[in-house]
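Both ligands and their constituent atoms are indexed starting at 1 by order of listing.
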Amino acid sequence: MYSQGLIGADSSSDETPEFMAAFQQRIDREEKIEPNDPMPSGYRKTLIRQIGQHAHSEIVGMLPEGNWVTRAPTLRRKTALLAKVQDEGGHGLYLYSAAETLGVSRKQMTEELLDGRAKYSSIFNYPTPTWADIGAIGWLVDGAAIMNQIPLCRCSFGPYARAMVRVCKEESFHQRQGYEIMVTLAHGAPEQKEMAQDALNRWWWPSMMMFGPHDSDNTNSDQSMAWKIKRFTNDELRQKFVDATVPQAEYLGLSLPDPDLKWNPDKNDGKGSYDFGPIDWDEFWRVVKGGGMMNKDRIAARKKAWDDGEWVREAALAHAKKRKNQQATQNVAAE
Ligand code: BYC
């Protein structure tokens, strides 16, 4: 994915052992790598892949919640949800821009999303049939996203790290609005509490899968950790998420759908952590490969938006060309 047609990308022919060692030393000194700095082609490719996937996730992630904007139960809930969905659009745009600094165009990234070459987070292929799903997404999905993204604020690639600072501030608001919906439902009428529990039952395991495959099974982590793109492994982040979320579920009076969930005082170097049950990786890979409940709808919605927006892109380019020509004419007149 994103392997061809990089605009201005380095060739790997200069990647001598000395170059690679000097690059690693910069990383180890915690220097930020900026777009015009020399970098190994593998570093560039990894970032384009991850930032592209992240951008697509934000944009596709607007769809499950967008489904509820017109049906939010109160005006206050509607305005908060609208603001959240708009924030996600904004995050996608910062991230596409960060990826563009590495020499890939937004058009290319979008085409690769639409034809299935580029991934987006598995979580957004689940449906949102009830209002409680909006609470569960904010609480769990944004909660998992924050756990993953706070360390990305220290990513070695400058534009990604800087984009993440603002994204994380907004995600924190998103997580709170979701949790507040869950508090209202869980402490409301029995039917509301039941709705909240049902949403938790459906979103818990997909949220656990968001962190990606176990460390023993994933392909990119070791190199990404060495390059300080990732600061924690998938399993480390998943464990932090479980430890932070269990007390929040207890406050809600809801139960997590995992019979194996149990406090283990010896785990985590004796500091204690929760043990949890096995994750259904067959389901994860089925969803990642396009077999989830909503994969087809999500891609169809993005394709429609891309096709419907063609006239806007054409008009913007025509306007830019006209402005450039006018500027050139004015410059000639002024000489
Ligand atoms: N879904 O070696 P690994 C949000 C893939 S949106 C699909 O661990 P890596 C929000 C992975 O791509 C925020 N695919 O990979 C928006 C790789 O395949 P390729 C979303 C997944 O990259 C709206 C393969 O599995 N967050 O917050 O080192 C509303 C092996 O994995 C998934 C981000 O995008 C998955 N869940 O680590 C509400 C964070 N997991 O590419 C909220 C940025 C793994 O080799 N991304 N795969 O073919 C990351 O931190 C990392 O890319 C991951 C995976 C931890 C996700």
ask   = Are a donor atom and an acceptor atom from the side chains of Q239 and D243 found within less than 3.5 Å of each other?
value = yes
Tightest non-hydrogen contact, residues I137 and P64, listed as CD1-CB, 4.2 Å
Answer yes if the ring centres of W204 and F241 are under 6.0 angstrom apart, and no otherwise.
yes
Q.
Does atom CG (N36) have a neighbourhood of more than 12 heavy atoms from anything else shown, all under 6.0 Å?
A. no
Here the atoms of ligand 1 under 4.0 Å from any heavy atom belonging to M210 are 36 (N)
Honestly, for Q50 the part within reach of ligand 1 (heavy atoms, under 4.0 Å) is side chain
*If we only count N/O pairs under 3.5 Å, is S224 in contact with ligand 1?*
no
Using distance alone, decide if ligand 1 has a nitrogen or oxygen within less than 3.5 Å of any nitrogen or oxygen in K84. no
Handout entry: Whether over 12 other heavy atoms sit under 6.0 Å from R166 CZ
Key = no
Going by the 4.0 angstrom heavy-atom rule, the piece of P64 near ligand 1 is neither
Classify the ring geometry of Y179 against Y251: parallel below 30°, tilted from 30° to 60°, perpendicular beyond 60°.
tilted
Residue-ligand contact Q149/ligand 1, heavy atom below 4.0 Å: yes
For E65, the ligand 1 atoms with a heavy-atom partner under 4.0 Å come out as 29 (C)
To the nearest 0.5 Å, atom CG of N67 lies from atom CE of M62 at 13.5 Å
Looking at R49, E58, E171, the heavy atom closest to atom 41 (O) of ligand 1 belongs to R49
Counting heavy atoms under 4.0 Å, the part of L237 that contacts ligand 1 is neither
- Pair R77-T184, side-chain donor/acceptor within less than 3.5 Å: yes
Quick look: F211 vs ligand 1, heavy-atom contacts under 4.0 Å, and the answer is backbone
Apart from M225 itself, members of its ILVMFWY cluster (side-chain separation under 4.5 Å) are none
Under 4.0 Å from one or more heavy atoms of K230, ligand 1 contributes atoms 8 (O), 9 (P), 28 (O), 37 (O)
N148 heavy atoms within 4.0 Å reach ligand 1 at atoms 39 (C), 43 (C), 49 (C), 50 (O), 55 (C)
If we number the atoms of ligand 1 from 1 as shown, the ones under 4.0 Å from a heavy atom of N218 are 2 (O), 3 (P), 8 (O)
Short version for N220: what comes under 4.0 Å of ligand 1, heavy atoms counted, is both
Here the atoms of ligand 1 under 4.0 Å from any heavy atom belonging to V288 are 7 (C), 14 (N)
At under 4.0 Å between heavy atoms, what of F284 touches ligand 1? The answer is side chain
Honestly, for H91 the part within reach of ligand 1 (heavy atoms, under 4.0 Å) is neither
Note to self: Given 3.5 Å as the limit, does a donor-acceptor pair link the side chain of D280 with the main chain of E283, or not?
What the structure shows: yes
In terms of heavy-atom contacts, does NZ of K267 have more than 12 from other residues, nucleotides or ligands at under 6.0 Å? yes
Here the atoms of ligand 1 under 4.0 Å from any heavy atom belonging to A145 are 27 (O)
Near G212 (heavy-atom distance under 4.0 Å), the atoms of ligand 1 are 40 (N), 44 (C)
Which atom pairs, one a donor and one an acceptor, fall under 3.5 Å between side chains of residues 312-329 and the rest of the protein, sequence neighbours left out?
| residue | atom | partner | partner atom | Å |
| --- | --- | --- | --- | --- |
| R313 | NH1 | W306 | O | 3.1 |
| R313 | NH2 | W306 | O | 3.1 |
| T329 | OG1 | N325 | O | 2.7 |

Is the closest heavy atom of H174 to ligand 1 under 4.0 Å?
no
Within the 4.0 Å heavy-atom cut-off, what M209 brings close to ligand 1 is backbone
Take a 6.0 Å sphere around CD of Q24 and say whether it holds more than 12 heavy atoms from other residues, nucleotides or ligands. yes
Within the 4.0 Å heavy-atom cut-off, what Y160 brings close to ligand 1 is side chain
So for D142 against ligand 1, with non-hydrogen atoms under 4.0 Å, the contacting part is side chain
inquiry  = Quick one about E171 and H174 (side-chain donor to acceptor, distance below 3.5 Å, no hydrogens or angles considered), yes or no?
reply    = yes
